[in-house]
Amino acid sequence: MSDDVYCGSGGGANTYFGLRVASVFIILATSMTGALFPVLAKRTKWLNDLIPPLALQIAKYFASGVIIATAFIHLLDPAMAELSSPCLSPEWLNYPYALGISLCSIFTIFITELVAFRWGTAKLAKLGITHDAHGHGMPSQHAAHGPEGAGPVVESKTIESEEKDFTGAPDVETGPVGSIADSATAQIIGVAILEFGVLLHSILIGLTLAVDPSFKILFVVIVFHQMFEGLGVGSRLAYMRLPPAYNYIPVVGACLYGITTPIGIAAGLGVRTTYNPNSPTASIVSGVLDAFSSGILIYTGLVELIAHEFVFNREMMEASNGKLALALGVMMLGAGLMALLGRWA
């Protein structure tokens, strides 16, 4: 163990206690704003009319960059530091456990989603509906998310054909007339995976903020961090295509994101006299959870977001160079800003 790092229990900072309590409500407000705004803007008529379609599209691509940067800069790097802490026994330094856990997480999520899609495809086949895993034959449907009609034409009730993209054409996630909307189960599974990784991360952030001695700097950074990340989660939730019976899910998902970091802060304040983020137990738990969450977000960001938005999306593949450059630029801006925040938190 290092003499420079306190590895025992307790040791949480007691400075700025009033501001730490206030941070519960401030971060609740900023997190809720970031996560709920895209959802409400997409679903509330007056907001949808007020906000240009271009703004929502920009938010969606910006969100993809934020999620990918979060995976590498805000999850995988801290996990590597936590699982190589000087407070841990030397055995933890004999193998890059954080990278191994992240790798296992990626394959776990992939296999889980693969089994879910195979099960869903089998169910659709019984209804006479075929599923195109790469989106071929559908000009604007996402790969692995949009089953095609085979046989009788079935009218989709969950597609809003009037929505527009950058140029005023049908929205990139809207299928042609006669297609069937994305499987609700598939979408819910995808978003649940994303939320699971982000929520674990948010709780750990809250615990750290509650006891960290460098509170002022960390507090300011986390306010922006949670807003950007909330925008990322909310933008993905906003574009879910669900039957009316499941329309509450995006709102619930946004609210869950909004409350997790404040819950973490409140819990941290409650145990600040006994909780030390540098203790062996805390380092192992947070390191393992961060590493596992990083795998979730790496898979989600690269496969579910980038691949489906750019590679398997025929409309984007056939889009003008200007539209493609704008989407890529906005996505890289989101990744860059979130990565920059990693300098302080």
Side-chain angles (χ1 to χ4, degrees), residues 34-35 38-39 59-79 98-99 101-117 120 133-135 142-146 172-173 182-205 225-226 228-242 249-250 252-254 256-257 260 289-313 316 327-328 330-332 334-335 338-339 342:
V39 174
K60 182 171 70 169
Y61 292 114
F62 182 88
S64 298
V66 166
I67 289 168
I68 293 168
T70 298
F72 287 98
I73 306 299
H74 297 271
L75 287 173
L76 187 55
D77 180 64
L99 297 177
I101 293 169
S102 182
L103 179 64
C104 290
S105 173
I106 291 171
F107 277 100
T108 299
I109 298 305
F110 166 67
I111 292 170
T112 300
E113 191 170 49
L114 179 63
V115 170
F117 276 127
H134 292 285
H142 282 202
H145 284 264
V172 294
E173 296 193 328
D182 291 357
S183 162
T185 302
Q187 291 181 80
I188 292 170
I189 289 173
V191 168
I193 289 170
L194 170 63
E195 284 255 350
F196 180 72
V198 171
L199 295 186
L200 286 178
H201 172 50
S202 296
I203 290 175
L204 294 174
I205 282 179
H225 175 283
Q226 290 302 106
F228 285 153
E229 196 171 71
L231 181 64
V233 172
S235 295
R236 307 321 303 184
L237 291 168
Y239 278 90
M240 293 180 74
R241 309 276 182 184
L242 299 172
I249 287 178
V252 170
L256 277 176
Y257 170 82
T260 48
L289 292 179
D290 276 348
F292 189 81
S293 298
S294 74
I296 293 174
L297 295 196
I298 288 170
Y299 177 84
T300 300
L302 298 181
V303 177
E304 298 293 339
L305 303 185
I306 289 186
H308 288 163
E309 292 288 359
F310 293 94
V311 179
F312 297 137
N313 185 340
M316 183 58 75
L328 289 172
V330 168
M331 183 176 65
M332 288 188 287
M338 200 63 174

If you measure from [atom1] on [X] to [atom2] on [Y], what distance do you get to the nearest 0.5 Å?
{"X": "I73", "Y": "I68", "atom1": "CD1", "atom2": "CD1", "answer": "12.0 Å"}
{"X": "M338", "Y": "F72", "atom1": "CE", "atom2": "CZ", "answer": "14.0 Å"}
{"X": "H225", "Y": "H74", "atom1": "NE2", "atom2": "NE2", "answer": "4.5 Å"}
{"X": "S294", "Y": "L289", "atom1": "OG", "atom2": "CG", "answer": "11.0 Å"}
{"X": "E195", "Y": "S202", "atom1": "CD", "atom2": "OG", "answer": "9.0 Å"}
{"X": "D290", "Y": "L200", "atom1": "CG", "atom2": "CG", "answer": "8.5 Å"}

Check whether any side-chain N or O of [X] sits under 3.5 Å from a backbone N or O of [Y] as a donor-acceptor pair, and report yes or no.
{"X": "T260", "Y": "Y257", "value": "yes"}
{"X": "T112", "Y": "T108", "value": "yes"}
{"X": "T300", "Y": "L297", "value": "no"}

So do [Y] and [X] actually touch side chain to side chain, heavy atoms under 4.5 Å?
{"X": "V311", "Y": "I306", "result": "no"}
{"X": "L194", "Y": "L237", "result": "no"}
{"X": "V66", "Y": "L231", "result": "no"}
{"X": "V303", "Y": "I298", "result": "no"}
{"X": "I205", "Y": "Q226", "result": "yes"}
{"X": "E309", "Y": "M331", "result": "no"}

Open item on the list: Show, in sequence, the C-alpha distance, side-chain angles and deciding distance for E113 and E304, and conclude whether the side chain to side chain contact (heavy atoms under 4.5 Å, CB included) test is met.
Closed with: CA-CA 11 Å; E113 191 170 49; E304 298 293 339; 2.4 Å; yes
Indicate the atoms forming the closest heavy-atom contact of [X] with [Y], along with that distance.
{"X": "A291", "Y": "A79", "value": "N-CB, 3.5 Å"}
{"X": "V330", "Y": "F62", "value": "CG1-N, 3.4 Å"}
{"X": "A335", "Y": "A69", "value": "O-CB, 3.3 Å"}
{"X": "V39", "Y": "P250", "value": "CG1-CB, 4.0 Å"}

- [ ] Could you tell me how the ring of Y61 sits relative to the ring of F310: parallel (under 30°), tilted (30 to 60°) or perpendicular (over 60°)?
- [x]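 Because their plane-to-plane angle lies in the 30° to 60° range, the rings of Y61 and F310 count as tilted.
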TODO: For the residue pair F110 and F107, categorise the inter-ring angle as parallel (less than 30°), tilted (30 to 60°) or perpendicular (more than 60°).
DONE: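 Plane angle over 60°, so perpendicular.
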TODO: Kindly indicate, with the supporting measurements, whether the criterion side chain to side chain contact (heavy atoms under 4.5 Å, CB included) is fulfilled by L242 and I188.
DONE: CA-CA 9 Å; L242 299 172; I188 292 170; 4.1 Å; yes
Task: side chain to side chain donor-acceptor pair (under 3.5 Å) partners of S64, counting only residues at least two apart - done: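 R236.
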